[in-house]
Colleague: 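My structure is below; once you've seen it, I'll send some questions.
Keep in mind that this is a model prediction, so the values were computed, not measured. Atoms within each ligand, like the ligands themselves, are counted from 1 in listed order.
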Amino acid sequence: MTFLAARTAPVPREGKGAMAIIGVPFDGTSTFRRGSRHGPAAIRWASQSIETYSPVLRRALEDVELFDAGDVDVAGAGVDGMRSAADAHLAALPSHAVPAVLGGEHTVTFPIVERLHRLYSDLAVLQLDAHTDLRDEYEGLAVSHATVMRRVADLVGSQSVVQIGTRAGTAGEFETARSLRFSSSALNMPAEIWSWLEQRPVYVTLDIDLIDPSDAPGTGNPEPEGIAARELLSFIRKLGGLRIVGFDVVEVSPPYDPSGRTAVLAATIVREAILVISARPL
Ligand SMILES: [Mn+2]
């Protein structure tokens, strides 16, 4: 099954403004409870239940060069295997295609950012997440769902990372967060952060646990006091002013939400993000 209205044909080598859905069904380092490897399939399935048209944005997915580039093959892979498989999957796409990545645990962000950082040396990363994900090491792993943003910051530079929605982490992580360009538990950014982001290519990584568990219970590590789904969607619709070169929605874990509403929300976020980003081709 493909994402709503997406074509299965290969992305044309020429052109611009194409978006490519990519699933990374990996949850190998999840510690508390696994299940996000089922995220890509659940989000694609849930997407069939929503409209292709956004009445707020007044655009439809049919207006977009949208392709579903399938899942990265991570069967039996550890973190290193996942990283090389994801990199190879991206390498097979034309560089003009904007990746729209469905996780999987948050670790899947790292190989995507690594590749985009090779294409855009001034890449900024906007993280929407309940957790800071800034540990230096976790359970013996340097690259895991709990360290992923530390590794991203090491790669692109702390001053190139903006995190919002973060409300859980260790004292040490919150200390590290002070070295980032911006870090806040709220979902608003000062004008100077917006204008800083407007001046460079941006990758957006969205951990669904940013959302309050009442709106998104299907995730591995739910955190109370979260952002409402409605608030997040209006934030996403404001991202049209940025030059977004890729994004992901990670940590949707279908086994913990028999209602399916977390996956429906994720599909809606992906639709709105695609419509906003594609309205402004790279
Ligand atoms: Mn996270």
Side-chain angles (χ1 to χ4, degrees), residues 23-40 43 79 82-83 86 100-114 124-139 141-156 158 161-170 172-174 176-177 180 182-187 202-213 215-227 229 232 235-236 246-254 256-257 262-263 265-266 269-270 273:
V24 192
F26 177 79
D27 63 4
T29 82
S30 297
T31 39
F32 180 50
R33 46 183 204 178
R34 291 189 179 182
S36 64
R37 68 182 176 280
H38 302 294
I43 297 169
V79 175
M82 179 276 290
R83 286 171 62 186
V101 176
L102 314 176
E105 61 169 64
H106 211 157
T107 316
V108 310
T109 298
F110 192 54
I112 317 294
V113 169
E114 279 185 302
V125 178
L126 171 59
Q127 174 197 3
L128 303 159
D129 199 333
H131 306 95
T132 54
D133 294 350
L134 288 170
R135 281 176 161 90
D136 198 25
E137 191 220 79
Y138 192 64
E139 301 201 328
L141 290 174
V143 182
S144 90
H145 66 285
T147 67
V148 61
M149 293 310 298
R150 182 70 169 262
R151 296 291 86 81
V152 165
D154 290 346
L155 180 69
V156 304
S158 303
V161 177
V162 170
Q163 66 176 201
I164 52 182
T166 44
R167 57 190 185 276
T170 64
E173 287 181 276
F174 280 101
T176 303
L180 304 179
F182 186 71
S183 174
S184 166
S185 61
L187 191 62
V202 179
Y203 182 79
V204 179
T205 176
L206 193 156
D207 188 322
I208 202 75
D209 63 30
L210 164 85
I211 306 289
D212 192 81
D215 276 343
T219 192
N221 293 271
E223 289 292 339
E225 299 185 274
I227 310 293
L232 175 73
F235 181 86
I236 297 287
F247 76 96
D248 63 55
V249 177
V250 297
E251 298 287 355
V252 172
S253 191
Y256 305 105
D257 178 7
T262 310
L265 173 60
I269 291 167
V270 170

Colleague: Judged by atom type as modelled, is there a donor-acceptor pair below 3.5 Å linking the side chain of Ser36 to the main-chain atoms of Glu105?
Modeller: yes

Colleague: Rounded to 10 degrees, what angle sits at the Mn ion (ligand 1) between Asp207 OD2 and Asp133 OD2?
Modeller: 170°

Colleague: Checking Thr29 against His145: is there a side-chain donor and acceptor pair closer than 3.5 Å?
Modeller: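 On atom types as modelled, these side chains qualify, holding a pair under 3.5 Å.
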
Colleague: For the Mn ion (ligand 1), find the closest N/O/S atom on His106 and give its atom name.
Modeller: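 Answer by atom name: ND1.
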
Colleague: Checking one value in my table: which N/O/S atom of Asp129 lies closest to the Mn ion (ligand 1)?
Modeller: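 That would be atom OD2.
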
Colleague: Is the shortest distance from a Lys or Arg side-chain nitrogen in Asp209 or Arg167 to a carboxylate oxygen in the other one below 4.0 Å?
Modeller: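 Salt bridge: no.
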
Colleague: Mind checking whether the Mn ion (ligand 1) has an N, O or S of Asp209 under 2.8 Å?
Modeller: no

Colleague: State which residue, out of Asp207, Thr176, Asp133, Leu180, fulfils the side-chain contact (heavy atoms from CB on, under 4.5 Å) condition with Met149.
Modeller: Asp133

